[in-house]
Amino acid sequence: MPDLESPDYWQKLINQGLIRFFLLKALKDEALYGYVISQKIDDLSWGACKPTEGTLYPALNQLQKEGYVTVHGTIFKGRERKVYQITPKGKSAFRIAAKTYGEIMPLINKAIVL
(Lines give C-alpha, C1' and ligand atoms only; values in the text may rest on other atoms or scores of the structure.)
Protein backbone atom coordinates (compact mmCIF):
# COMPACT_ATOMS: atom_id res chain seq x y z
CA MET A 1 0.00 0.00 0.00
CA PRO A 2 1.46 3.39 -0.95
CA ASP A 3 2.41 5.85 1.77
CA LEU A 4 0.45 8.96 0.78
CA GLU A 5 2.29 10.92 3.47
CA SER A 6 5.65 10.32 1.81
CA PRO A 7 7.08 13.03 -0.48
CA ASP A 8 8.85 10.21 -2.37
CA TYR A 9 5.47 8.70 -3.28
CA TRP A 10 4.27 11.99 -4.77
CA GLN A 11 7.58 12.63 -6.56
CA LYS A 12 7.39 9.21 -8.24
CA LEU A 13 3.79 9.86 -9.22
CA ILE A 14 4.75 13.23 -10.72
CA ASN A 15 7.65 11.65 -12.63
CA GLN A 16 5.40 8.93 -14.05
CA GLY A 17 2.80 11.44 -15.12
CA LEU A 18 5.13 13.98 -16.68
CA ILE A 19 7.86 11.83 -18.26
CA ARG A 20 6.23 11.58 -21.69
CA PHE A 21 5.38 15.28 -21.78
CA PHE A 22 8.95 16.29 -20.98
CA LEU A 23 10.38 13.66 -23.35
CA LEU A 24 8.44 15.16 -26.23
CA LYS A 25 9.40 18.68 -25.12
CA ALA A 26 13.09 17.74 -24.93
CA LEU A 27 13.00 16.27 -28.44
CA LYS A 28 10.79 18.96 -29.97
CA ASP A 29 13.67 20.94 -31.48
CA GLU A 30 16.55 18.45 -31.76
CA ALA A 31 17.46 14.77 -31.83
CA LEU A 32 19.19 13.60 -28.65
CA TYR A 33 20.53 10.49 -26.97
CA GLY A 34 19.38 9.14 -23.61
CA TYR A 35 21.77 10.79 -21.17
CA VAL A 36 21.28 14.24 -22.74
CA ILE A 37 17.50 13.73 -22.80
CA SER A 38 17.59 12.96 -19.08
CA GLN A 39 19.61 16.10 -18.35
CA LYS A 40 17.37 18.24 -20.53
CA ILE A 41 14.22 16.95 -18.80
CA ASP A 42 15.74 17.78 -15.42
CA ASP A 43 16.52 21.31 -16.68
CA LEU A 44 13.16 21.85 -18.39
CA SER A 45 11.25 20.76 -15.28
CA TRP A 46 13.49 22.72 -12.89
CA GLY A 47 14.29 19.42 -11.18
CA ALA A 48 10.66 18.40 -10.62
CA CYS A 49 10.90 15.48 -13.06
CA LYS A 50 14.09 13.45 -12.70
CA PRO A 51 13.95 10.45 -15.00
CA THR A 52 15.91 7.36 -14.10
CA GLU A 53 16.98 4.70 -16.60
CA GLY A 54 14.04 2.66 -15.31
CA THR A 55 11.55 5.36 -16.33
CA LEU A 56 13.31 7.00 -19.29
CA TYR A 57 14.00 4.05 -21.57
CA PRO A 58 10.64 2.27 -21.17
CA ALA A 59 8.91 5.59 -21.97
CA LEU A 60 11.16 6.15 -25.01
CA ASN A 61 10.50 2.60 -26.21
CA GLN A 62 6.75 3.09 -25.84
CA LEU A 63 6.87 6.40 -27.72
CA GLN A 64 8.90 4.72 -30.47
CA LYS A 65 6.49 1.78 -30.80
CA GLU A 66 3.56 4.17 -31.06
CA GLY A 67 5.25 6.34 -33.72
CA TYR A 68 5.88 9.48 -31.64
CA VAL A 69 9.67 9.21 -31.89
CA THR A 70 12.15 7.44 -34.13
CA VAL A 71 15.53 6.04 -33.14
CA HIS A 72 18.75 5.51 -35.02
CA GLY A 73 22.29 4.64 -34.06
CA THR A 74 25.24 7.01 -34.24
CA ILE A 75 28.80 7.10 -32.97
CA PHE A 76 29.47 9.74 -30.31
CA LYS A 77 32.87 10.03 -28.63
CA GLY A 78 33.75 6.56 -29.86
CA ARG A 79 30.61 4.92 -28.49
CA GLU A 80 27.47 3.88 -30.30
CA ARG A 81 24.45 5.82 -29.09
CA LYS A 82 20.76 5.57 -29.81
CA VAL A 83 19.58 8.97 -30.96
CA TYR A 84 15.88 9.75 -30.60
CA GLN A 85 13.99 12.19 -32.81
CA ILE A 86 10.41 13.39 -32.55
CA THR A 87 8.06 12.65 -35.45
CA PRO A 88 5.28 14.89 -36.78
CA LYS A 89 2.86 12.69 -34.78
CA GLY A 90 4.99 13.35 -31.68
CA LYS A 91 4.95 17.11 -32.29
CA SER A 92 1.18 17.00 -32.58
CA ALA A 93 0.94 15.01 -29.34
CA PHE A 94 3.19 17.54 -27.60
CA ARG A 95 1.00 20.47 -28.70
CA ILE A 96 -2.10 18.69 -27.39
CA ALA A 97 -0.37 17.80 -24.10
CA ALA A 98 0.90 21.37 -23.65
CA LYS A 99 -2.60 22.75 -24.20
CA THR A 100 -4.11 20.24 -21.80
CA TYR A 101 -1.51 20.85 -19.09
CA GLY A 102 -1.93 24.60 -19.61
CA GLU A 103 -5.64 24.25 -18.90
CA ILE A 104 -5.26 22.03 -15.82
CA MET A 105 -2.34 23.78 -14.09
CA PRO A 106 -4.31 26.87 -13.00
CA LEU A 107 -6.90 24.53 -11.47
CA ILE A 108 -4.21 22.65 -9.56
CA ASN A 109 -2.77 25.96 -8.34
CA LYS A 110 -6.21 26.97 -7.06
CA ALA A 111 -6.58 23.63 -5.27
CA ILE A 112 -3.27 24.09 -3.41
CA VAL A 113 -4.33 25.86 -0.26
CA LEU A 114 -2.15 24.95 2.67
Could you go through I41 and L56, starting from their C-alpha distance and side-chain angles, then the distance that decides it, and tell me whether this counts as side chain to side chain contact (heavy atoms under 4.5 Å, CB included)?
CA-CA 10 Å; I41 290 172; L56 180 68; 4.2 Å; yes

Item to check | Euclidean distance, K50 NZ relative to L18 CG, rounded to 0.5 Å | outcome: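 Rounded to the nearest 0.5 Å, the CG-NZ separation comes to 14.0 Å.
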
Quiz prompt | Spacing of CG belonging to L24 relative to CD1 belonging to I19, to within rounding of 0.5 Å | solution =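 The CG atom of L24 sits 10.0 Å away from the CD1 atom of I19.
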
task: Could I get the full list of side-chain hydrogen bond (donor to acceptor under 3.5 Å, both in side chains) partners for E66, not counting sequence neighbours?
output: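 In terms of side-chain hydrogen bond (donor to acceptor under 3.5 Å, both in side chains), with neighbours along the sequence ignored, E66 is linked to Q62.
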
Could you list the residues that satisfy side-chain contact (heavy atoms from CB on, under 4.5 Å) with [X], not counting sequence neighbours?
X   : result
E30 : L32, K40
S92 : R95, I96
D3  : E5, S6
K89 : Y68, T87

Task: L23 and I86, any side-chain heavy atoms less than 4.5 Å apart - done: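 Contact flag for I86/L23 side chains = no.
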
Does the side chain of L60 reach to within under 4.5 Å of the side chain of V71, using non-hydrogen atoms?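 No, side chains not in contact.
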
Of the non-hydrogen atoms in G54 and P58, which two are nearest, and what is the gap between them?
->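 Closest approach of G54 to P58, heavy atoms only: O-CG, 3.2 Å.
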
query: What are the two closest non-hydrogen atoms of P51 and S38, and how far apart are they?
result: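 Smallest heavy-atom distance, with atoms named: O-OG, 3.5 Å.
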
- Results of salt bridge (Lys or Arg N to Asp or Glu O under 4.0 Å) for K25 - residues two or more places apart only: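 Scan of K25 (salt bridge (Lys or Arg N to Asp or Glu O under 4.0 Å), adjacent residues dropped) gives none.
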
Point to revise | Listed partners of K99 passing salt bridge (Lys or Arg N to Asp or Glu O under 4.0 Å), at least two apart | key: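 For K99, the residues satisfying salt bridge (Lys or Arg N to Asp or Glu O under 4.0 Å) (neighbours in sequence not counted) are E103.
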
Would you check if the side chain of Q11 reaches a backbone N or O of A48 as a donor-acceptor pair within less than 3.5 Å?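 Pair found, side chain donor or acceptor close to backbone of A48.
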
Give every residue pair that meets the ring-ring contact (aromatic ring centres under 6.0 Å, His included) criterion with at least one member in residues 19-47, sequence neighbours excluded.
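ring-ring contact (aromatic ring centres under 6.0 Å, His included) check on residues 19-47 returns F21-F94, F21-Y101, Y33-F76.
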
* Cluster companions of W10 among Ile, Leu, Val, Met, Phe, Trp, Tyr (side-chain spacing under 4.5 Å) ->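 L4, Y9, L13, which link up through side-chain heavy atoms under 4.5 Å apart, make up the rest of the cluster.
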
